[in-house]
Amino acid sequence: GGGAARTSHVTSAVARAAAQPLGSDAVDDDATRAQEAERYISSLAQIDGAQSKQQIDAALVHACRGGHGELVVPLLAAHASPHATDAEGVNCLMVAASNGHAEIIKLLLKAGAEINALHPRTGQSPLKFACAFDRADCVAVLLEHGCVVDLQSGFHSTTAAHLACKYGHHACLKLLLDAKASPRPVGGGEVVGGVAPPGAQSPLVMAVQSDSAECVRLLVAAHADLEEKSRDDAVANQMTALCNAAAYGKVHGARALLDLKAQANFSGDGVTPLMLATHKCHPDVVELLVQYRADIDRTISMEHVTGGKTLMRAVDLGKSQLNGVINAREQAAREGQPNLADRDEEIRGFQKCIDLLERAEAMIRAPSGLDPATYLGGYDAALVRSVHRNNLFEVLTLLEGRASPDAHWLEEGKRDHTALGTAAQGGLVEAVRLLLAAGAKPNECTKATPDCSSTTPLQIASASGAAGA
């Protein structure tokens, strides 16, 4: 009689003691608290029945959470289970690991706790708990005691390295990599043809998504593949880590990848990092990619784009998105919707992206240390493009720079455009004047292609009815 009441009283006292931080005023000193806990535990152990066992196990979970080794020892001696769990199924080892109590982990392991035990619902291991909460000391202890470093668990069969990268916990990641953790993707099978299997995410992509430059550098130093492609159906079917950084606006991750010589011009499904950054309105990433000369003078061919410069494609994407946002903003204003500030901010973002791209397209400044001669084709292409847009400021600037007044631009699969022929076709009289004044040859022909005969600027202007030209 009275056993249940005494059990509740004793357990509450142990739980209170376990929850108190070391040096707490609630107990005179740590030694007194330990003596008091031992008396309660001794009394509790004398109570028969399953309830007593449950209360001792619950007290052990409390002690592991509070970091009180002086309580863990007598509780284990009183036959508390080192496998005890809380109401959510988190066992003592996971509790200690997530709260950063490395010494308690040692006590639990000595008592027989399963080092690779998995949470019944989430499939997370003690090592993954430690990595998720950035407990490097606990990671070190678990590794020293032989936990499986690349244990795959959870919905996507991820490893501890994935979680360390997901949250940008580089100290934990370094310990894992030093213990030979794999920097490659897992889940769903092996990497085939450089493309990760469905459902797989590489640690490198997760490091990028956390925008952790430190994690990116550690993974590449451990031989992660910079150009390995993962699937992201929300953006593009095949994406490198740099494409991922561009799509989600991760500037620090993108810079680390570019510094490590990631390909700035990779085209997955015909989509480059610069296109993704523009389409998703990340002007900081656009600016970074432009600094690294992404897509400059690069021609691609894909099903939905008939050739052309990828930089120009990015400009077109930006303008298309900008027009869409402007129209949506006007519609919202007509309907009297509040909070248009977000729309205005998005408009400014797209305008900044377009401005950066158009300045890059003009190719005014070549990067230091590179031979400007390698960029002559780019200046010429930019001149033809500027003439086509009738941007006289750009035309004049390029002519004063390195662009030839007889510039050609071969649009893939189509005729070879000259700057003067382009101005003549559009009836752009002032552009014609500028080009002729700069020495453009009035009889310079467009180069013939299989489906197009050679023509002069005069013939083009006549055919277009451009009398002024």
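The main-chain N or O of Ser182 is found under 3.5 Å from a side-chain atom of Asp150 such that the two form a donor-acceptor pair. With His68 contributing its side chain and Leu71 its backbone, the two residues share no donor-acceptor pair below 3.5 Å. Side-chain atoms of Lys128 never come within 3.5 Å of backbone atoms of Gly154 as a donor-acceptor pair (strictly under, hydrogens ignored). With hydrogens and angles disregarded, no donor-acceptor distance shorter than 3.5 Å links the side chain of His279 to the backbone of Met275. At distances below 3.5 Å, not a single donor-acceptor pair connects side-chain atoms of Glu287 with backbone N or O atoms of Leu356. In this structure, the side chain of Ser210 engages the main chain of Cys165 through a donor-acceptor pair within 3.5 Å. Asn91 places no side-chain N or O within 3.5 Å of a backbone atom of His83 that could act as its donor or acceptor partner. Using a distance-only test at 3.5 Å, with no hydrogens or angles considered, a donor-acceptor pair links the side chain of Ser153 to the main chain of Gly123. For Asp284 (side chain) and Val251 (main-chain N/O), no donor-acceptor pair under 3.5 Å exists by modelled atom type. Side-chain N or O atoms of Asn116 include none that pairs as donor or acceptor with a backbone N or O of Cys147 at under 3.5 Å.
Taking Arg121 as the reference, nothing meets the side-chain hydrogen bond (donor to acceptor under 3.5 Å, both in side chains) condition, with sequence neighbours excluded. Qualifying ring pair (Phe, Tyr, Trp, His ring centres under 6.0 Å) partners for His169, counting only residues two or more places apart in sequence or in other chains: Tyr167. Partners of Asp355 according to the salt bridge (Lys or Arg N to Asp or Glu O under 4.0 Å) rule, which considers only residues two or more places apart in sequence or in another chain, are Arg359. When the salt bridge (Lys or Arg N to Asp or Glu O under 4.0 Å) test is applied to Asp134, no partner is found at least two apart in sequence or on another chain. Here Gln337 pairs with Glu335 under the side-chain hydrogen bond (donor to acceptor under 3.5 Å, both in side chains) rule; sequence neighbours left out. Take Glu330 and apply the salt bridge (Lys or Arg N to Asp or Glu O under 4.0 Å) test, not counting sequence neighbours, and it matches no residue.
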Leu218 vs His170, side-chain contact (heavy atoms from CB on, under 4.5 Å): CA-CA, chis, key distance, verdict: CA-CA 8 Å; Leu218 285 169; His170 56 88; 4.0 Å; yes
With side-chain contact (heavy atoms from CB on, under 4.5 Å) as the criterion, how do Glu228 and Leu204 come out once you've worked through the C-alpha distance, each side chain's angles and the decisive distance to 0.1 Å? CA-CA 9 Å; Glu228 191 168 75; Leu204 187 59; over 6 Å; no
side-chain contact (heavy atoms from CB on, under 4.5 Å), that's the test. Do Gln263 and Leu242 meet it? Break it down for me. CA-CA 8 Å; Gln263 294 181 23; Leu242 184 58; over 6 Å; no
*Would you sort out whether Asp86 and Arg65 count as a side-chain contact (heavy atoms from CB on, under 4.5 Å), showing the intermediate values?*
CA-CA 10 Å; Asp86 64 12; Arg65 181 171 287 111; 3.2 Å; yes
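Contact record, Ala97 with Arg135: O-CG, 3.1 Å, taken as the closest heavy-atom pair. Among all heavy-atom pairs drawn from Ala96 and Ile104, the shortest one is CB-CG2, 4.0 Å. Of all the heavy atoms in Leu177 and Pro183, the pair that sits closest is CD2-CB, 4.5 Å. A pairwise comparison of heavy atoms in Val285 and Ala277 identifies CG1-CB, 3.9 Å as the closest pair. Across all non-hydrogen atoms, the minimal contact from Ala130 to Cys172 is O-SG, 4.3 Å. The minimum heavy-atom distance between Asp211 and Gly253, with the atom names listed, is OD1-N, 2.7 Å.
No side-chain heavy atom of Lys180 sits under 4.5 Å from any side-chain heavy atom of Val149. Side-chain contact between Leu226 and Leu257 is present, with at least one heavy-atom pair separated by less than 4.5 Å. Counting heavy atoms from C-beta outward, Lys110 and Leu76 have side chains that stay 4.5 Å or more apart. Residues Leu127 and Ile115 form no side-chain contact, since every pair of their non-hydrogen atoms from C-beta on lies 4.5 Å or further apart. Residues Thr85 and Val90 are not in side-chain contact: their nearest non-hydrogen atoms beyond the backbone lie 4.5 Å or more apart. Under the 4.5 Å side-chain criterion, counting only non-hydrogen atoms from C-beta, Val139 is in contact with Cys131.
With rounding to the nearest 0.5 angstrom, the OH atom of Tyr292 is 8.0 Å from the NZ atom of Lys261. Rounded to the nearest 0.5 angstrom, Leu176 CG and His162 NE2 are separated by 11.5 Å. Residue Cys92 holds its SG atom at 12.0 Å from NE2 of His101, rounded to the nearest 0.5 Å. Within the model, atoms OG of Ser212 and NE2 of His252 stand 10.0 Å from one another, a figure rounded to the nearest 0.5 Å. Atom CG of Leu93 sits about 10.0 Å away from atom NE2 of His145, to the nearest 0.5 Å. The distance from atom CG of Leu322 to atom OG1 of Thr278, rounded to the nearest 0.5 Å, is 12.0 Å.
Enclosure of atom NE2 in His79 is not indicated, since only 12 or fewer non-hydrogen atoms of other residues, nucleotides or ligands lie within 6.0 angstrom.
Each of Asp137, Leu143, Leu142 was evaluated against Leu175; a single residue qualifies, Leu143, per the side chain to side chain contact (heavy atoms under 4.5 Å, CB included) test.
Remark: Arg255 does not engage Asp259 in a salt bridge, criterion side-chain N to carboxylate O under 4.0 Å.
There is no side-chain donor-acceptor pair under 3.5 Å between Arg348 and Gln351.
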